[in-house]
Amino acid sequence: MSTRVRTAVFPVAGLGTRFLPATKAMPKEMLTVVDRPLIQYAVDEAREAGIEHLVFVTGRNKSVIEDHFDRQYELESTLEFRGKTDALRELRKDLPSAGQTSFTRQQEPLGLGHAVWCARELVGNQPFALLLPDMVFKAKPGVLKQMMQAYEETGGNVIGVEEVNPEDVSSYGIVARGEGPDSGFEITGMVEKPKPADAPSNLFISGRYILQPEIFNLLSEQTKGAGGEIQLTDAMQILIRTQKFTGVKYDGQVFDCGSKIGFLTANVVFALDRPDISKDFRRALAGLDLSISDER
Ligand code: G1P
């Protein structure tokens, strides 16, 4: 039987340079899709999958993330005074319980592998989930929950993957697919940001992982990879020699909210799906003079 996954790590130290000036003083993880910050989507997904301990690897200028997961008494009492009980209930529902969150800092932006390594003392010697909050999913059940189902059968390490346009492979980690169904197939190798000609498939690592703690030893060697950064994919490519890696081509779709196009698309898709605003939003869109075609 595999050891239960209780802890999730959220790397939130990135500078968000692609969203300047919005991210000059505000963390990119607080950008909203409709009215929920990106980080809230990742936390919701983790809690849905049964995660009990939320570890945030933050950096300078990120303390508002900590505040977001704390109570806000002034706001709560104002909502109560005004009788806005629904809004109050929603706010409380989003809040992790006392003691469920931990925060540490990545002092220098040395790459995703380094950010994950910064969580080693808080995670300890147990398997953990890793969620990159830029990546927001439309999926039911949530992607991490789907991956947990695979993990219960296979143990080891599990990576969520989705198909990407072959010309975009060089923006992501790409896996080589071995035997097995979409719900859990063998991963035989992986490479970070390959050139299209070198990509082993068009299945990209979309920011959801279940990892064994041995990854920390490999990350501690801190070898630099693609882009001069300490890459998680490189450490996993070493771990695969001794541990099992399973790919899950989950049911659902990712929006890469680290890119402007992905972020804007997510806002449209999520707004169209929100019962409280979808009708009005649809009407507003229909009223615009949008002759949408991909040429201009
Ligand atoms: C990271 C990972 C990459 C993964 C991507 C998903 O890259 O290194 O393997 O495909 O996240 O967003 P980054 O976006 O930090 O360049």
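Note that the structure is predicted; figures quoted are calculated from it, not measured. Every number for a ligand or one of its atoms is a count from 1 in the order of the listing.
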Which atoms from ligand 1 have a heavy atom of [X] less than 4.0 Å away?
{"X": "T233", "value": "9 (O)"}
{"X": "G173", "value": "3 (C), 4 (C), 9 (O), 10 (O)"}
{"X": "M135", "value": "6 (C), 12 (O)"}
{"X": "Q231", "value": "8 (O)"}
{"X": "E192", "value": "2 (C), 3 (C), 7 (O), 8 (O), 9 (O)"}

Min N/O separation Y172 to ligand 1 under 3.5 Å: no
Counting only N and O atoms by type, is there a donor-acceptor contact under 3.5 Å from the side chain of E45 to the main-chain atoms of G142? no
N/O donor-acceptor pair under 3.5 Å between R208 side chain and M135 backbone: yes
Do me a favour and list the nearest non-hydrogen protein atom to [atom] with residue, atom name and distance?
{"atom": "atom 1 (C) of ligand 1", "result": "L112 CD2, 3.9 Å"}
{"atom": "atom 10 (O) of ligand 1", "result": "I205 O, 2.6 Å"}
{"atom": "atom 16 (O) of ligand 1", "result": "K193 NZ, 2.6 Å"}

Measuring centre to centre across the rings, with the benzene-like ring taken for any Trp, is F255 within less than 6.0 Å of Y41? no
Evaluate the ring planes of F103 and F56, with Trp represented by its six-membered ring, and classify them as parallel (under 30°), tilted (30 to 60°) or perpendicular (over 60°). parallel
Sort out for me which residue in Q126, E152, E52 forms a side-chain hydrogen bond (donor to acceptor under 3.5 Å, both in side chains) with R4. E52
Any protein heavy atom at under 4.0 Å, with atom 14 (O) of ligand 1 as the reference point? no
Counting heavy atoms under 4.0 Å, the part of L132 that contacts ligand 1 is side chain
Linking I/L/V/M/F/W/Y whenever any side-chain heavy atoms sit under 4.5 Å apart, do I215 and I230 land together? no
Does CD1 belonging to I261 count more than 12 external heavy atoms closer than 6.0 Å? no
Check ring pair (Phe, Tyr, Trp, His ring centres under 6.0 Å) between F128 and all other residues, then give those that pass, not counting sequence neighbours. F216
